[in-house]
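A quick note: this is a predicted structure, and the numbers were derived from the prediction, not measured. Below, each value reflects all heavy atoms present in this structure, side chains not excepted, and no hydrogens, waters or symmetry copies.
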Amino acid sequence: MSKILLSYGPLLFQAMGQTLLLALYGLLFACVIGMIVGIMSVLHNKPCRIIAMIFVNLIRGVPMIVLAYFIYFGVPYLFNTILKFDSVTLSALQAGTICLALNCGAYMAEIIRAGIESVDIGQMEAARSLGLPYWRAMQRVVLPQAVRTMIPSIINQFIITLKDTSILSVIGFPELVNTAKNVVSKTFMSFQTWAIVGLMYLVVILILQQAAKILERRLKRGRRSL
């Protein structure tokens, strides 16, 4: 194990950085997608709710590896062959980010929908009775309260997204699992390499889980003081 760390440690830590970067990009775009779709799902507008429901069910119903292949190989084929665009390509980072953003965004939409619905409906009614438009009431009254309940779930979703990045080794993104495969092919030391990779994931995920617990305790204390 020490031989792997001495020879390939910097490469594996660099790959861990790429993994965290990809997960962060995916989560940032997923928050935008999730916010839009989550709000659409609670609007008093049937077409918006139907569109949100179709998006969530479609993305959650497709295995992530299939989604990754479709985005990386299928989307360029669609643009270049069917729509006759000129040499549209996606890098592994771009395709991976889109894949994670869509997959995580579908779950984020449900987190945000549940967070909004957890706020007493009387809050919205009181804000509207004071003359606030619907969107201003949502922005100023409902969402700030909903976010307090959403943050722990969002951190947990980030942990899930971080682990899901390993699937993107299938499209050649140099994340930790893909890099570990290359190390194993060179050293034939599979047990040591995968043990190191497992420990690296474990340390990062334990740190994130601890951060989620600390944040959740602070939010609970904040609610009691109100």
For residues T149 and S118, report the shortest heavy-atom separation together with the two atoms involved.
OG1-OG, 3.6 Å

Could you walk me through whether Y25 and L100 satisfy the side-chain contact (heavy atoms from CB on, under 4.5 Å) test, starting with their C-alpha distance in whole Å, then the side-chain angles of each, then the deciding distance to 0.1 Å, before giving a yes or no?
CA-CA 8 Å; Y25 281 159; L100 283 178; over 6 Å; no

Out of curiosity, C31 SG to M108 CE, how far, rounded to the nearest 0.5 Å?
3.5 Å

Hey, mind stepping through W194 and V184 against side-chain contact (heavy atoms from CB on, under 4.5 Å) and telling me if it holds?
CA-CA 9 Å; W194 292 116; V184 170; 3.7 Å; yes

Taking atom CZ of F29 as the centre, does the number of heavy atoms from other residues, nucleotides or ligands within less than 6.0 Å exceed 12?
no

Tell me the closest heavy-atom pair linking T179 and P174, and the distance in Å.
OG1-O, 3.6 Å

CD1 of I121: more than 12 outside heavy atoms within 6.0 angstrom?
no

Quick one: are L27 and C104 in side-chain contact, heavy atoms under 4.5 Å?
yes

Determine, stepwise, if the pair R128 / E125 fulfils salt bridge (charged side-chain N to carboxylate O under 4.0 Å, His left out).
CA-CA 5 Å; R128 295 300 303 278; E125 292 172 351; over 6 Å; no

Nearest heavy-atom pair of A146 and V119: which atoms, and what distance?
N-CG2, 3.7 Å

Measuring from atom CD1 of I51 to atom CD1 of I36, what distance do you get when rounded to the nearest 0.5 angstrom?
12.0 Å

Can you hop from V42 to I112 via hydrophobic side chains spaced under 4.5 Å?
yes

Would you find a donor on one side and an acceptor on the other, under 3.5 Å apart, between the side chain of Q123 and the backbone of D120?
no

Hey, is CZ on R136 packed in by over 12 heavy atoms from elsewhere, all under 6.0 Å?
no

Is any side-chain heavy atom of Y8 closer than 4.5 Å to one of T193?
no

Closest non-hydrogen atoms of L162 and M16, given as atom of the first, atom of the second and distance, are CD1-CE, 4.3 Å

Are the side chains of Q18 and T165 in touch, meaning some heavy atoms are under 4.5 Å apart?
no

Under 4.5 Å between side-chain heavy atoms, hopping through other hydrophobics if needed: is there a path connecting L21 to I171?
yes

Kindly give the heavy-atom pair with the smallest separation between G115 and M150, and that separation in Å.
CA-CG, 4.0 Å

Distance from I116 atom CD1 to S41 atom OG, nearest 0.5 Å?
6.5 Å

Could you walk me through whether V197 and V183 satisfy the side-chain contact (heavy atoms from CB on, under 4.5 Å) test, starting with their C-alpha distance in whole Å, then the side-chain angles of each, then the deciding distance to 0.1 Å, before giving a yes or no?
CA-CA 11 Å; V197 168; V183 172; over 6 Å; no

Student check: side-chain heavy atoms of F158 and I154 closer than 4.5 Å:
no

In this structure, would L24 and V177 fall into the same cluster of hydrophobic residues linked by side-chain contacts under 4.5 Å?
no

Once you round to the nearest 0.5 Å, how far does CG of N182 lie from OG1 of T187?
10.5 Å

Y107 reachable from M64 in the ILVMFWY side-chain graph, under 4.5 Å edges
no

More than 12 heavy atoms from other groups under 6.0 Å of OH on Y134:
yes

Using a 3.5 Å distance criterion without hydrogens, assess whether the side chain of E110 forms a donor-acceptor pair with backbone atoms of A106.
no

Can you tell me if Y77 has over 12 outside heavy atoms packed within less than 6.0 Å of its OH?
no

Would a hydrophobic clustering, with Ile, Leu, Val, Met, Phe, Trp and Tyr connected at side-chain separations under 4.5 Å, put L78 with V88?
yes

Should I111 and N156 count as side-chain neighbours, where that means a heavy-atom distance under 4.5 Å?
no

Is there a side-chain contact between T97 and F173, using heavy atoms and a 4.5 Å cut-off?
no

I need the minimum non-hydrogen distance between L67 and L102, along with the two atoms involved.
CD2-CB, 4.3 Å

Distance (rounded to the nearest 0.5 Å) between T161 OG1 and N103 CG
7.0 Å

What distance separates I39 CD1 from W135 CH2, expressed to the nearest 0.5 Å?
5.5 Å

Given side-chain contact (heavy atoms from CB on, under 4.5 Å), test Y72 with V170 step by step and report yes or no.
CA-CA 10 Å; Y72 190 61; V170 299; over 6 Å; no

